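Note sheet for the following structure.
Computed from a predicted model, the values in this text were never measured in an experiment. In what follows, every heavy atom counts, from backbone to side chain, and hydrogens, waters and symmetry copies are set aside.
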Amino acid sequence: MPPPVVTLPVIDLTYETFKFDLTEAEKFWLSRIFNKKVKDGLMNLLGNRIPFDEDREQLAHQILDFAMQNSNNNEFAKQILEFLEDEEYSHESIEAAENAIEDIENGDIPNNILNTVYPACQNNIVKDIYNSASDMSQIFNAIFANPLATGSHNIHYKVSHELPQLTKGRTRFKQPNPVTTNSLNEPAYNLIIELNHDYITTSTDLSIAMTIIHENLHAILLYFEYNNCIHTIEDNPTYAQLIQAYLNEVAVGPQQHHAFMTQYIQNLGDALKAYAVGKGYNLPDSFYNAMAWQGLTDIGMNGGYVTNPEFINLIPSSNERQIIRDIITAEEKNSEWNGQLPHSNSNSCN
């Protein structure tokens with residue numbers, strides 16, 4: 001006689017199952033139309049999971065408790081759930097979501113910014129940059145981290161395994177909803193800053209910081225572009241196109257192109273210096289000014305790269321340009337490069 005066939009019941013880990021562990025107050029909160037987006041996000045997080053996924057259930061309870069605390073946390077919970085969906089609920093994204101909730105509850109993250117960078121050390125670089133006292137950070141925070149304009153604009157920092165090898169970071173509008181409406185019925189711009197996983201787990205913290213500053217400025221320029229302060233031909237303009245559009249459209253007084261670029265490079269270098277000094281570095285300004293060229297020494301053309309003409313104009317000495325390239329590469333590779341040594345201290349991630 002063949003052994004009996006045992007059919008196990010299908011476990012339907014959806015909201016209908018999840019709600020059995022909820023309090024009456026939690027059920028009532030989720031039943032309100034204002035909280036439908038959180039409820040839908042939790043349902044997507046839980047999904048139909050066989051075998052039972054305890055990590056997701058635990059995170060769902062954590063997000064719900066977090067969202068119910070206040071209206072700000074409710075908005076952050078929606079962002080966290082969107083992030084998890086974008087990351088396809090990977091174990092890394094679940095860990096990042098848990099860390100983000102803990103950071104926000106500890107008051108480490110300003111309103112309107114959800115930092116989902118991981119590991120924790122690289123996450124701290126992001127936070128230290130927008131907490132630094134540089135002109136660049138002040139402009140960035142005025143747009144994306146204004147505590148008086150809850151939910152006005154959102155930046156998601158995301159570690160990407162998909163970026164090309166030579167691409168350290170990329171800033172883009174979130175699709176399919178680059179612009180939404182906040183609680184004040186005003187436009188809310190939703191941007192994503194992606195950082196190359198292999199890069200941020202190899203390079204020095206100074207190189208990573210420079211890339212984040214570079215991408216933060218890109219976010220500022222994209223904000224200008226979407227507010228019709230500058231105009232570009234393409235929907236997703238390149239960094240160089242945005243700079244040129246800014247020069248063409250925004251009044252810069254008597255400054256000529258070269259003078260503006262000089263000030264631009266100086267601002268980037270000052271932003272890196274503000275971060276570095278706060279982390280205990282004591283390096284010459286020449287280092288910060290060299291690092292400011294990271295991502296700007298070359299421009300794309302005909303499917304390849306050529307030296308940025310402004311790099312040549314502003315740094316006419318080919319020997320000096322090579323030294324700048326070597327300094328940038330040494331920090332990127334975190335190893336000696338053509339006689340240039342990378343810098344690190346006890347705060348370094350790699």
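- In this structure, the side chain of Tyr199 engages the main chain of Ile208 through a donor-acceptor pair within 3.5 Å.
- Counting only heavy atoms from C-beta outward, the side chains of Leu283 and Tyr288 approach each other to under 4.5 Å.
- Residue Ile63 comes nearest to Ala77 through the heavy atom pair CG2-CB, 4.0 Å, listed as atom of the first residue, atom of the second, then distance.
- The OH atom of Tyr275 sits 13.0 Å away from the OH atom of Tyr130 when rounded to the nearest 0.5 Å.
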| Step-by-step side-chain contact (heavy atoms from CB on, under 4.5 Å) determination, Leu272 to Ile129 | CA-CA 8 Å; Leu272 179 62; Ile129 287 170; over 6 Å; no

| request: Check the pair Lys273 / Asp285 against side-chain contact (heavy atoms from CB on, under 4.5 Å), numbers first and verdict last. | output: CA-CA 8 Å; Lys273 181 178 180 178; Asp285 287 347; 2.8 Å; yes

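- Across every non-hydrogen atom of Asn196 and Thr167, the tightest pair is ND2-O, 3.1 Å.
- Between Arg325 and Glu332 there is no salt bridge, since no side-chain N of the basic residue sits under 4.0 Å from a carboxylate O of the acidic one.
- At a threshold of 4.0 Å, the pair Lys279-Asp205 does not count as salt-bridged, since none of the basic side-chain nitrogens sits closer than that to a carboxylate oxygen.
- Taking the centre and axis of the six-membered ring of Trp337, the NZ or CZ atom of Lys333 falls inside the cone set by 45° and 6.0 Å.
- Side-chain atoms of Asn73 never come within 3.5 Å of backbone atoms of Gln69 as a donor-acceptor pair (strictly under, hydrogens ignored).
- Between the Arg321 side chain and the Pro316 main chain, a donor and an acceptor come within less than 3.5 Å of each other.
- Atom-to-atom distance recorded for Ile104:CD1 and Asn72:CG is 9.5 Å, nearest 0.5 angstrom.
- By the rule that hydrophobic residues join a cluster once side-chain heavy atoms approach within less than 4.5 Å of another member, Phe28 and Val38 end up as members of separate clusters.
- The minimum heavy-atom distance between Asn350 and Gln122, with the atom names listed, is OD1-NE2, 3.9 Å.
- Ring pair Tyr189/Tyr223: centre-to-centre distance below 6.0 Å.
- No more than 12 heavy atoms of other residues, nucleotides or ligands sit less than 6.0 Å from atom CG of Asn282.
- Residues forming a side-chain hydrogen bond (donor to acceptor under 3.5 Å, both in side chains) with Tyr89 (at least two apart in sequence, or on another chain): none.
- Between His197 and Leu163 there is no side-chain heavy-atom pair separated by less than 4.5 Å.
- With sequence neighbours excluded, the residues satisfying side-chain hydrogen bond (donor to acceptor under 3.5 Å, both in side chains) with Asn35 are Asn74.
- For the atom pair OG1 (Thr204) and CG (Leu341), the distance works out to 12.0 Å, reported to the nearest 0.5 Å.
- Every pair tested for disulfide (SG to SG under 2.5 Å) that includes a residue from residues 275-308 fails, sequence neighbours excluded, so the list is empty.
- Between the side chain of Gln294 and the backbone N or O of Met291, no donor-acceptor pair lies under 3.5 Å.
- For the pair Ser160 (side chain) and Leu195 (backbone), a donor-acceptor distance under 3.5 Å is absent.
- For Gln340 against Ile323, the heavy-atom pair with the smallest separation is NE2-CG2, 4.0 Å.
- Nearest approach of Ala290 to Ile324, heavy atoms of both residues: O-CG2, 3.6 Å.
- Ser132 pairs by the side-chain hydrogen bond (donor to acceptor under 3.5 Å, both in side chains) definition with Ser137, not counting sequence neighbours.
- The aromatic rings of His343 and Phe287 lie perpendicular to each other, with more than 60° between the two planes, well past the 30° mark.
- For Asp40, the side-chain hydrogen bond (donor to acceptor under 3.5 Å, both in side chains) criterion is met by Lys36, not counting sequence neighbours.
- Other members of the cluster containing Ile33 are Phe34, with ILVMFWY side chains joined at under 4.5 Å, either directly or via other members.
- With hydrogens and angles ignored, the 3.5 Å screen pairs no side-chain donor or acceptor of Ser207 with any backbone N or O of Ser203.
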